[in-house]
Amino acid sequence: MTVKQISVFVENKPGRLAAICRALAAKEVSIVAMSLADTADFGIVRMIVDDHPKAVETLAAAGFAVRETEVVVATVPDRPGGMAELMERFDSAGVDIEYSYAYAPGDGGKAVLVFRFSDNAKAEAALRE
Amino acid sequence: MVYPSLSFDNGSPIHPVSAMDYLPVESLRALQLHRLKATVLYAYERVPLFRRRCEELGVEPRHIKTLSDIRLLPFSKKIDLRDEYPLGLNGASMLETARFHCSSGTTGKPICITNTPDDIAVWQNGAMRCLAMYGINASDVLQVSYGYGLFTGGLGLHYGGEGMGCAVLPTSGGNTERQVMLMRDLGVTAIACTPSYFLRIMDEARKQGVDFRRDTKLRHGIFGAEPWTVEMRDNIERETGIVAHDIYGLTEIAGPGVAGDCEFRTGLHIWEDHFYPEIIDPETLEPLPDGEVGELVFTTISRRGTPMIRYRTRDLTRLRTEKCPCGRTMRVMDRISARSDDMLIIHGVNVFPGQIEAGLLRVPSVAPHYQIVLSSTDTLDLFEIKVEVTQEAFTDNVGAMENLRRKVLEAVKSIIGLTPRITLVGPGTLPRSEGKIKRVIDNRRKGQ
C-alpha cells in the first residue's frame, strides 16, 4: 500500500526535533511512525501521521521546510525468513530501496515496514504478486 | 484650442530635472572648476581644520587653477568628522542651517552633517535625477521604507519622490506586515529601501500569500545604503518581476542620490556637477586614471553646510572610460559591491562578503539569506557560511541535499579560493534586516 509521508528539514541544533513534535501536538496531529536521517550538518525527519494535510499546513506555517513523499508500507510475516522473502521480491522486481524504517502499529499485530523505492509502483506490484 | 500638457508624465521624453545629465563635457568641466574654486575658498575661510591642513601643505585657494589641481588639496576622512564632533567641519552658522543628519558608524561617537536649505535642494536634485533616470514620474506611488530620521535614506528619497510629483507613502522601516498590506492596497509602483530589507518584505509577502506579479503593481525597487551584488539584483528581479535599480549616496556627501544606474546598467552615473569624484590608490594616495580600480573620493562642490574636500569614502570602484549609450555625460562608476572596511582576512586571503554573496546566489534554489561566521581556536580560523534552504529546494533525499551543499561550496570556493564550512539551515532561521543588515559575525580574537 502506498501512503503519504512528510519529510522535514532539521538543523543540527538542540530543540529542533522537539519544536516539530510540539507544533504537531498543538494541532492534535498524532505521529504514527518516525525516522531521523542525519548527516554531520543537518537531518531529515520523516513521519507518517494521522492527519497528513493538517501536519503539512502546520509545519509550513511554523516556517519549516516540508516535503510530501509517497512511500510503500508492507507488513512482514513474524517468522524467521519473513524479511528475506520480502527483500527477494523487491530484488527480483529490480527496484532499489532508498531508505526504510519499521514501526509496530500497537495493536499487537505484525511489524510494518515503510519503504522508499527507486520505483514505488513497481515495488507495489511485486508485493501484490 | 487645447494645448498639449507641458508635464513630463504626459508624453515628454525627458524630465526637465534630467537636463543637466546631458551637459556637454567641456561645459561640465568648466562648471566643476568654477564650483571647486568657490568651494575651496569657502571652506578655507570657514573650516579651521581645512585651512590648517592647507597651510601645512603650503596650498592656498588661488593655487587651484585647473581641475587636476585638486590633487594639491588635503584629504578628509570619517575620523576627522568624529574627532571634530559635533560641528568642527561645518561651514554654516545656525542661522544658515536647515537640518542635521547623523550617522553612527559601528563604534564611538556619531558624525554630524549640516545641511543648508541650498544643500537640501542639491540633494533633492540628485535624488530626483535618479528617480527620473529610473523612469519614475508623477503617476508613480513611491513607498519609502528607508528609516526616517537621522539616517539620510528616508528623507532623501522622500524629498526626491515629492520633487518628482510621486504619491509618496512614508512607511519608514519596520512593521513589515503593514508594509506589504499598504503596498498592495494603495497600488504602490515603486519602493525604496535597503536590498536586505526588501528580502524581508519578500518573505512577508510570501507568508501572506501575496504574489508581487499578481497582487501588486510594484514595478521599481530603489535599493542602496548597503553593498549588494548583481547576483542579488538578478535574484530579486527573478522572484518579483520588478526592476531593481541601484542608488548610491552617503551621509557625509549628502545622502542617497549621489549616483544611480540607467537602463543600460553600465554602472552608476555620478551627478558630478555636485559631487566631484576621484579614484585614488588607497596605499600611495595618488590619483588613478579613469578605468583603474581604487578608493572613491568625493569633493562636494555645491554644498555649504559641511563642505567635504577630497573625502575618502572607503568604497572601492573605478570610473569607466567609455561613454554610456544613454547619452548622459556624467561619468559612470562600477557598482559598489565592496567597501574596504568590509574586507575580511581569512587564512591570509582578502575576502569581501560580496564575493561570497555572488557565489551563493549562482546556485539556484538557495535562498538569498546567508551569514558568515568567523571564529578562531588557538591555531586556526574557522570559516563558516550558513545558508538557508528554500521550501522548494528541500527534498526528502539526503544525497540530494548533500549535493546542494557541495554545489554551494564549489560556487563559493571558485570565487574566493578558500574552503569554508557550508551549513544548511532551515528557512527563516537567519536574522532578517530591519534596515541595514549585519551578515558577518566575526568572533575571532583581535589582532589576528
Side-chain angles (χ1 to χ4, degrees), chain A residues 2-20 22-23 33-49 52 55-72 96-101 114-120, chain B residues 176-177 199-200 202-210 360 363-373 382-410 412 419-432 441:
Chain A
T2 307
V3 299
K4 290 235 165 132
Q5 168 194 260
I6 58 177
S7 307
V8 191
F9 179 88
V10 276
E11 286 159 61
N12 272 0
K13 218 165 75 179
R16 298 310 289 162
L17 196 51
I20 293 173
R22 181 59 54 207
M34 179 192 240
S35 126
L36 177 61
D38 74 331
T39 71
D41 291 301
F42 62 89
I44 297 173
V45 185
R46 300 178 176 123
M47 288 182 290
I48 293 172
V49 294
H52 173 81
V56 171
E57 194 193 305
T58 304
L59 293 175
F64 289 99
V66 192
R67 266 280 128 148
E68 300 173 40
T69 25
E70 303 238 303
V71 287
V72 175
D96 296 329
I97 300 169
E98 287 181 6
Y99 55 81
S100 168
Y101 52 97
V114 179
F115 292 97
R116 168 78 185 176
F117 292 104
S118 53
D119 185 337
N120 277 351
Chain B
T176 314
E177 216 179 307
L199 293 179
R200 172 91 197 270
M202 284 164 64
D203 266 4
E204 177 60 32
R206 202 171 296 129
K207 215 167 111 195
Q208 292 185 18
V210 170
L360 291 177
V363 182
S365 69
V366 164
H369 302 286
Y370 63 95
Q371 195 176 55
I372 299 162
V373 185
L382 302 174
F383 173 23
E384 182 187 15
I385 302 172
K386 294 182 177 178
V387 192
E388 280 187 13
V389 278
T390 57
Q391 280 280 0
E392 298 75 35
F394 172 61
T395 81
D396 169 56
N397 187 313
V398 175
M401 294 305 286
E402 273 297 323
N403 261 333
L404 175 66
R405 208 168 66 88
R406 214 165 299 128
K407 262 196 262 173
V408 170
L409 175 64
E410 286 308 318
V412 173
T419 308
R421 176 197 166 93
I422 306 288
T423 305
L424 300 179
V425 301
T429 54
L430 292 177
R432 294 298 195 259
I441 312 286

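Small disclaimer: the values here were computed from a predicted structure and weren't measured. Here is the naming used below: chain letters follow the sequence lines, and residue numbers restart at 1 for every chain.
With a 4.5 angstrom heavy-atom cutoff, B/T429 touches chain A only via side-chain atoms. Proximity to chain B is absent for every atom of A/E68, based on heavy atoms less than 4.5 angstrom apart. Only the side chain of A/F42 comes within less than 4.5 Å of a heavy atom of chain B; its backbone N, CA, C and O stay farther away. Only the side chain of B/V389 comes within less than 4.5 Å of a heavy atom of chain A; its backbone N, CA, C and O stay farther away. Of the two parts of A/A60, the backbone and the side chain both hold a non-hydrogen atom closer than 4.5 Å to a non-hydrogen atom of chain B.
Looking only at heavy-atom pairs under 4.5 Å with chain A, the residue among B/E402, B/K207, B/E388 that has the most is B/E402.
Shortest non-hydrogen contact noted between A/V10 and A/I44 is CG2-N, 4.2 Å.
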> Run the side-chain contact (heavy atoms from CB on, under 4.5 Å) check on B/L199 and B/E204 step by step: do they pass?
Replying inline: CA-CA 9 Å; B/L199 293 179; B/E204 177 60 32; over 6 Å; no

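Remark: B/Q208 CD is packed, more than 12 non-hydrogen atoms of other residues, nucleotides or ligands lying under 6.0 Å away.
Comment: B/D203 does not engage B/R200 in a salt bridge, judged by the lack of any side-chain N to carboxylate O separation of less than 4.0 angstrom.
Annotation: cation-pi geometry not satisfied between A/R46 and A/Y101 (NZ/CZ under 6.0 angstrom from ring centroid, within 45° of ring axis).
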